[in-house]
Chemist: 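Below: one structure in structure tokens.
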Number of protein chains: 2
Amino acid sequence: MTAKRPDLVTIADVAQHAGVAVSTVSYVLSAKRAISAATRERVLASIATLGFQPNAGARALASRRANVIALVLPLRTGMHLPILMQLMTAVVTGARGHDHDVLIMTADEGPDGLRRVADSSMVDGVVVMDVELSDPRVPVLRELRRPSVLIGFPADPSGLTCVDLDFHRAGARCVEELVALGHRGVALLGAPAVVYTRGTGFAHRTRTGFLAAVEKAEVSGVAWPCEEDQVSVATTLRDLLRRHPNTTGIVVHNEAAVDHVMRLLPSLGRRVPRDMSVIAICPDQVAERTRPALSSVSIPADEIGKQAVALLMAKLAGPPPPAATLLTPVLTVRSSTDRRQR
Amino acid sequence: MTAKRPDLVTIADVAQHAGVAVSTVSYVLSAKRAISAATRERVLASIATLGFQPNAGARALASRRANVIALVLPLRTGMHLPILMQLMTAVVTGARGHDHDVLIMTADEGPDGLRRVADSSMVDGVVVMDVELSDPRVPVLRELRRPSVLIGFPADPSGLTCVDLDFHRAGARCVEELVALGHRGVALLGAPAVVYTRGTGFAHRTRTGFLAAVEKAEVSGVAWPCEEDQVSVATTLRDLLRRHPNTTGIVVHNEAAVDHVMRLLPSLGRRVPRDMSVIAICPDQVAERTRPALSSVSIPADEIGKQAVALLMAKLAGPPPPAATLLTPVLTVRSSTDRRQR
DNA sequence: GCGGGTGGTCGAAGCGCTTCGACAATGGTG
DNA sequence: CACCATTGTCGAAGCGCTTCGACCACCCGC
């Protein structure tokens with residue numbers, strides 16, 4: 001039996017019903033002043049029976065806090081969709097945990113959109129997904145009168161708060177693992193070429209991490225881009241094995257290509273893991289569904305989203321939190337890696 | 001050279017700068033009263049130089065319109081992600097076209113979440129994606145004090161505004177096409193079994209449409225659910241061809257399985273389209289990237305999202321629009337269908 | 001040339017909430 | 001026992017905007 005639903009229940013109705021002042025109701029809700037237990041109970045009861053729900057606009061106006069954050073979607077959809085969704089869900093859930101709601105903006109609203117929602121006090125802060133190395137929204141973010149957190153790193157992250165998986169370490173970690181297993185010829189199959197040319201940070205960072213580790217370990221290693229369709233993957237893989245026949249370990253940083261790679265390798269005479277060890281950088285669910293299951297560095301979208309929100313809330317609350325949060329990559333060994341056979 | 005950025009520009013600042021009353025500025029912005037061209041120019045100029053952006057909270061409070069709509073994500077992620085994203089983008093873009101922003105809510109906020117955002121006047125209306133046949137959110141929607149539009153149909157759509165592709169017609173249309181090409185044994189490969197048991201409307205409707213058309217055309221036809229992984233698809237397909245060897249036309253309503261089906265059919269001795277015609281119900285981009293390209297009924301996510309917003313805006317503006325909007329399926333013939341060979 | 005539109009502008013009253021200062025009523029302290 | 005902090009509550013002043021009624025010029029028609 002739901003309460004009657006009058007057209008609009010205001011805080012004044014609650015106050016009257018409970019026999020207290022409007023301000024008292026407000027303080028019960030915000031706990032910014034001490035309220036006696038008896039009064040609190042009474043007010044809470046009135047709120048419940050009347051089905052009072054504070055008016056968001058009025059609250060925002062008076063408190064100068066909208067309790068809403070903006071989430072800006074990626075510029076282009078090169079991003080792996082499942083990761084994107086996970087990230088989104090994590091941000092929304094995280095925000096709700098801090099009593100905030102989430103406004104979404106498509107990237108094509110661009111810098112002006114950011115200004116609009118920020119300057120209209122519609123949102124208290126902004127989370128930008130999938131920032132690119134030279135992203136037109138970044139300068140705007142800097143001069144915005146509201147705090148922001150970036151998921152991903154632009155070329156110059158100074159003055160900004162960024163979160164991401166430490167892809168540099170991730171690339172290196174994969175090499176180290178392969179080297180530890182005795183592999184002396186390794187390769188990185190990365191994102192499609194266009195992703196590098198348009199300057200998406202995580203692709204670059206994985207590559208430099210990979211190459212740095214290759215150099216340090218004094219093994220031979222190459223980093224190739226890789227398209228996403230089966231035919232291109234086949235071509236790329238064939239080329240790779242022809243030009244670098246000593247390759248016995250491959251790192252794949254490309255969710256869409258990973259299935260194809262696993263399927264094609266045996267048909268190119270390389271059984272996994274016996275003849276070829278494969279490590280992916282991808283979400284766990286992708287790694288777990290291939291045969292054999294992939295050893296992988298997971299992309300912890302949930303954690304990234306949660307962190308992004310936490311950082312934004314910290315900025316809203318007070319002194320600036322650390323500028324850069326790099327999550328340490330975790331490598332899970334499954335069945336696609338093995339000691340090098342001699 | 002951007003204007004100086006004082007801490008907050010209000011409508012009063014604009015009024016003073018332009019030498020008019022606050023209300024005049026408001027009327028320039030809303031055009032709800034006639035304003036002389038001269039004054040308008042002056043006010044607009046002041047707005048531009050001061051970089052005025054109306055405060056969303058104040059506006060919402062005074063006008064009782066937040067200019068925000070809520071978009072509720074699907075309950076479970078059985079939905080094809082690309083479609084979901086397209087839908088989301090279309091809704092956001094559509095909303096912006098009507099000068100509204102979009103708040104996202106994950107489904108696990110549930111009915112209470114809906115009440116919260118609606119009763120707090122945080123949003124003016126609600127769009128719910130991927131409604132299920134018996135959806136706990138539906139009764140809440142009915143008694144909500146704000147208009148809503150559903151994407152998809154619940155079991156009982158009375159009193160609600162719903163939009164969707166006419167999946168019943170889509171299923172029938174595919175059969176008709178195959179029959180017209182001379183096929184007398186057809187099959188529907190649908191969504192995973194769990195999708196039917198949990199009562200997702202579009203899967204059911206496609207099936208009933210398919211079966212009705214089969215009966216009407218007096219051909220033989222079966223409708224099977226179909227899992228999404230390659231192994232299951234192979235099993236299902238093999239079973240199907242064994243138990244119904246006279247099948248020469250297949251309708252696939254399962255984005256994830258469609259690639260596998262196309263790849264597996266030749267290895268089961270059925271070349272497409274020579275031995276087997278295939279029609280998919282899927283987004284165009286999926287249909288276009290297979291070899292051979294798939295004849296398909298497209299799922300017009302953009303159009304659905306646009307319609308949903310348009311309907312919501314209509315409800316906000318005045319008299320209720322049509323309760324049900326069923327988009328007519330369009331079949332595009334590509335290379336996966338052919339006359340039945342005798 | 002006078003009454004009645006009508007186009008253009010203003011002032012003020014809210015919208016529903018938060019928050020600040022004020023003020024009883026306590027209770028502990030010297 | 002007078003004094004001062006505390007604790008709990010209230011009233012009122014905004015927050016920045018929309019909107020309503022009022023008002024003043026006009027211009028038109030008769």
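Per chain, numbering begins at 1; letters A, B, ... match sequence-line order.
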Chemist: Within the pair B/Thr24 and C/dC10, is there a side-chain N or O less than 4.0 Å away from OP1 or OP2?
Modeler: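 Answer yes for this pair, as a side-chain N or O of B/Thr24 is under 4.0 Å from OP1 or OP2.
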Chemist: Just to be sure I understand the rule, does B/Val20 reach a base, reach only the sugar-phosphate, or reach nothing, if contact means heavy atoms closer than 4.0 Å?
Modeler: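 If one applies the 4.0 Å heavy-atom cut-off, B/Val20 turns out to touch the sugar-phosphate alone, with no base involved.
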Chemist: Are A/Arg59 and C/dT18 close enough that a side-chain N or O sits under 4.0 Å from OP1 or OP2?
Modeler: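 True: A/Arg59 side-chain N/O within range (under 4.0 Å) of C/dT18 OP1/OP2.
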Chemist: Heavy atoms only, 4.0 Å cut-off, all strands: where does A/Ser26 land among base, sugar-phosphate and nothing?
Modeler: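 Base contact.
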Chemist: Please report, rounded to the nearest Å, how far the P atom of C/dC15 is from the CG atom of A/Leu8.
Modeler: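 To the nearest whole Å, that distance equals 11 Å.
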Chemist: Using a distance-only criterion (donor-acceptor N/O pair, under 3.5 Å, no hydrogens), is the base of C/dC17 paired with the side chain of A/Tyr27?
Modeler: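 Between C/dC17 and A/Tyr27, which were checked side chain against base, a qualifying N/O pair under 3.5 Å is absent.
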Chemist: Rounded to whole Å, how long is the line connecting atom CG of B/Leu50 with atom P of D/dG16?
Modeler: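 Computing the B/Leu50:CG to D/dG16:P distance gives 15 Å.
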Chemist: Considering only heavy atoms from C-beta outward, does the side chain of B/Leu165 approach that of B/Pro300 to under 4.5 Å?
Modeler: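 Yes. Closest side-chain heavy atoms under 4.5 Å.
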Chemist: Can you identify which nucleotide, out of C/dC17, C/dG16, C/dG8, has its nearest atom closest to the A/Ile11 side chain?
Modeler: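 The answer is C/dC17.
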Chemist: Of the nucleotides D/dC17, C/dT18, C/dG7, which one has an atom closest to the side chain of B/Phe52?
Modeler: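 Comparing D/dC17, C/dT18, C/dG7 against the side chain of B/Phe52, the answer is D/dC17.
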Chemist: Out of C/dT18, D/dT9, C/dT9, which has the shortest distance to the side chain of B/Ile35?
Modeler: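 Side chain of B/Ile35 sits closest to C/dT9.
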Chemist: Between B/Asn55 (CG) and C/dG16 (C1'), how many Å, whole number?
Modeler: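 Taking atom C1' of C/dG16 as the reference, CG of B/Asn55 is at 14 Å.
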Chemist: Ignoring backbone atoms, test whether A/Arg64 places a side-chain nitrogen or oxygen under 4.0 Å from the OP1 or OP2 oxygen of C/dT18.
Modeler: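 For C/dT18, neither OP1 nor OP2 has a side-chain N or O of A/Arg64 closer than 4.0 Å.
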Chemist: Taking the basic N atoms (NZ, or NE/NH1/NH2) and the acidic carboxylate oxygens, is any pair closer than 4.0 Å for B/Asp112 and B/Arg137?
Modeler: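 Result for this pair is no, no salt bridge flagged.
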Chemist: Quick one: are B/Met88 and A/Met88 in side-chain contact, heavy atoms under 4.5 Å?
Modeler: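 Yes, their side chains come closer than 4.5 Å.
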Chemist: Is A/Asp124 salt-bridged to A/Lys315, cutoff N-O under 4.0 Å?
Modeler: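 Result for this pair is no, no salt bridge flagged.
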Chemist: Could you check B/Gly57 against A/Ala37 and say which one's nearest nucleotide on DNA chain D is further toward the 5' end?
Modeler: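 Per heavy-atom nearest nucleotide, the more 5' residue is A/Ala37.
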Chemist: If the cut-off is 4.0 Å, is A/Ser36 near the phosphate of D/dT9, judged by side-chain N/O to OP1 or OP2?
Modeler: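 Looking at the OP1 and OP2 atoms of D/dT9, one of them is under 4.0 Å from a side-chain N or O of A/Ser36.
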Chemist: Looking for any heavy atom pair under 4.0 Å, which part of the strands does B/Thr39 touch: base, sugar-phosphate only, or nothing?
Modeler: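 Sugar-phosphate only.
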Chemist: Let me know the distance between CZ of A/Arg42 and C1' of D/dC10, rounded to the nearest Å.
Modeler: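 These atoms are roughly 14 Å apart.
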Chemist: Determine whether any donor atom in the side chain of B/Arg33 lies under 3.5 Å from an acceptor atom in the base of C/dT9, or the reverse, and answer yes or no.
Modeler: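 Looking at the base of C/dT9, it does pair with a donor or acceptor on the side chain of B/Arg33 (distance under 3.5 Å).
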Chemist: Checking all strands, does A/Ser30 fall into the base, sugar-phosphate, or nothing category for heavy-atom contacts under 4.0 angstrom?
Modeler: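 Contact class for A/Ser30: none.
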Chemist: Using whole Å, report how far CG of A/Leu61 lies from P of C/dG14.
Modeler: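 Computing the A/Leu61:CG to C/dG14:P distance gives 17 Å.
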Chemist: Please state whether the base of D/dG11 and the side chain of A/Ser23 form at least one donor-acceptor pair under 3.5 Å?
Modeler: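 Side chain to base: pair present.
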Chemist: Report the C-alpha separation of A/Thr106 and B/Arg96 in whole Å, then their side-chain angles, then the decisive distance to 0.1 Å, and conclude whether the side chain to side chain donor-acceptor pair (under 3.5 Å) test is met.
Modeler: CA-CA 10 Å; A/Thr106 54; B/Arg96 287 300 310 139; over 6 Å; no
Chemist: Looking at B/Lys32, I'd like to know whether one of its side-chain N or O atoms comes within less than 4.0 Å of OP1 or OP2 on D/dT19.
Modeler: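 So the side chain of B/Lys32 is within the cut-off, an N or O lying under 4.0 Å from OP1 or OP2 of D/dT19.
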